[in-house]
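First up is the structure itself, then whatever we jot down about it.
In this text, all values refer to a predicted model and were calculated from it rather than measured experimentally.
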Amino acid sequence: MSEPEREDYSAELEAEKTSDVTAADERPRSRWRTFASSQVFITLAFLLLLIAAFSLLAPGKFGTVNNLTLLAQNVAILTVVSVGTTFIIATAGIDLSIPSGIILGEVFTVKALQMIPVDERMAIAIPATDANVAVVVLPLFAALFAGLLLGAVNGLLVAYLRIAPFIATLATLGAGLGVALLLMNGVNAATYAIAEVADSDLFFGVSNLIVIALGVVILGYIGMHMSVFGRHTLAIGSNEEAVRRVGIDIKRHLLKVYIVGGVAAGFAGYLSVAYFTTTSVAGHATDNLRAITAVALGGTSLFGGVATIIGTVVGVWIPAVLQNGFIIIRVQPYWQMIAVGAVLVAAVALDQWRRRSQNRG
């Protein structure tokens, strides 16, 4: 190789090294720009701004560890429901039957407890003994089974009978409530048998309810963002016809997705009985709207194809922080409804604007 050729080759190597370094430098920057421009980041920034504002307006009251811990407990059950709802909305579907799933989970929990001879005071006093393991586990299975049944019905109606998700889940909302009322004769039932599930703090002083909700979030994150199931879910919401052409069984997958949503609602019913120690046939009427609002606020597209579990968690916190903050600073909590409505409209408008931008691009 001649001297000029050697110099040209060295120059090419240097250029390649420079381009590689530049690409490596640009990659984190582009990722940061993508995250900074995402709805998740915007929603998270808004949540942190709310927390900072209420902490300044109510020093020593809002920003305390006790208050934030209480907030985390209050949103734990809705977080469980919202994680399941995220999968459904990611397919461009919707689930209005969430209240039925929660209430049926409560009713099945109580019915299972009534079949087990147990002294409720002993169940509270000795939560970890083998004698009352069945008191905790069997009602849990019953609640999950209730949610599974409701989710399977929703999935069959939507996937196999091709009924619009709005109509199908609206029908099962009413039917599920009717079944719950029939099983309970229209009367709520109180029980303290599984109160220790929610009340105790076996994990380094953190409420079990918070730990359980965190566990559900982790499972949801893995299922949505780190598994084939999640990729297929997002693909169906993005382009159902393309998914069908590559050979994925859309009907079977949609059935699974609605079962996930139903099981999450049934599990929330179990946790509700543990936390409130009673069923509440009329107490979850707006939980479907609250869950859908949280999912939309967090950045999951109501048109399908885009979903984020972390964003859903952030979306769950915003209404709770607004309500709690307004109460502490002595502002009528009804303003919370107006604020959440305005933020929800802004979130959906942002999603539509992003989609139009992508289509033009």
Would you sort out whether Asn188 and Met184 count as a side chain to side chain contact (heavy atoms under 4.5 Å, CB included), showing the intermediate values? CA-CA 7 Å; Asn188 288 317; Met184 299 300 295; over 6 Å; no
When you measure from the side chain of [X] to the backbone of [Y], do you find a donor-acceptor pair of N or O atoms at a distance under 3.5 Å?
| X | Y | value |
| --- | --- | --- |
| Ser207 | Leu209 | yes |
| Thr279 | Ala189 | yes |
| Tyr270 | Val136 | yes |
| Asn67 | Gly63 | no |
| Glu106 | Ser272 | no |
| Lys111 | Leu183 | yes |
| Thr43 | Leu297 | yes |

Evaluate whether atom CZ of Arg244 has more than 12 neighbouring non-hydrogen atoms of other residues, nucleotides or ligands under 6.0 angstrom away. yes
Heavy atoms from other residues, nucleotides or ligands near CZ of Phe326 exceed 12 (cutoff 6.0 Å): yes
Ring pair (Phe, Tyr, Trp, His ring centres under 6.0 Å) partners of residues 55-76, not counting sequence neighbours, each pair once: Phe54-Phe62
Please report the shortest heavy-atom distance between [X] and [Y], naming the atom on each side.
| X | Y | result |
| --- | --- | --- |
| Leu302 | Ala296 | CD2-CB, 4.1 Å |
| Ser100 | Gly174 | OG-N, 4.5 Å |
| Pro99 | Ala285 | CG-O, 3.8 Å |
| Ala307 | Ala90 | CB-CB, 3.7 Å |
| Ala112 | Pro139 | CB-CA, 3.8 Å |
| Thr277 | Ala195 | CG2-CB, 4.1 Å |

Passes side chain to side chain contact (heavy atoms under 4.5 Å, CB included), Ile292 versus Leu96? Steps please. CA-CA 9 Å; Ile292 294 169; Leu96 298 179; 4.1 Å; yes
Are any non-hydrogen side-chain atoms of [X] and [Y] less than 4.5 angstrom apart?
| X | Y | result |
| --- | --- | --- |
| Thr308 | Thr300 | yes |
| Val153 | Leu149 | no |
| Phe87 | Ile309 | yes |
| Thr191 | Val273 | yes |
| Trp335 | Leu322 | no |
| Thr69 | Ile210 | yes |
| Leu161 | Leu156 | no |
| Asp287 | Val81 | no |

Is there a chain of hydrophobic side chains (I, L, V, M, F, W, Y, each step under 4.5 Å between heavy atoms) that links [X] to [Y]?
| X | Y | answer |
| --- | --- | --- |
| Val187 | Ile103 | no |
| Phe141 | Ile102 | no |
| Leu173 | Phe108 | yes |
| Ile98 | Leu78 | no |
| Ile167 | Ile94 | yes |

Rounded to the nearest 0.5 Å, what's the gap from [atom1] on [X] to [atom2] on [Y]? Could you check?
| X | Y | atom1 | atom2 | value |
| --- | --- | --- | --- | --- |
| Ile51 | Phe46 | CD1 | CZ | 11.0 Å |
| Tyr221 | Thr312 | OH | OG1 | 12.5 Å |
| Asp249 | Leu255 | CG | CG | 9.5 Å |
| Tyr275 | Ile194 | OH | CD1 | 14.5 Å |
| Ile77 | Ser82 | CD1 | OG | 11.5 Å |
| Leu150 | Phe145 | CG | CZ | 12.0 Å |

Applying side chain to side chain contact (heavy atoms under 4.5 Å, CB included), run through Asn288 and Asp95 and close with a yes or a no. CA-CA 7 Å; Asn288 48 4; Asp95 187 2; over 6 Å; no
Pairs meeting criterion side chain to side chain donor-acceptor pair (under 3.5 Å) with involvement of residues 225-237, two or more places apart: Thr233-His253
Going by the side chain to side chain donor-acceptor pair (under 3.5 Å) test, which pairs reach into residues 150-176, not counting sequence neighbours? Ser97-Asn154, Asn154-Thr172
In sequence, state the C-alpha distance, the side-chain angles, and the governing distance for Tyr258 and Leu157, and then conclude on side chain to side chain contact (heavy atoms under 4.5 Å, CB included). CA-CA 10 Å; Tyr258 278 92; Leu157 293 176; over 6 Å; no
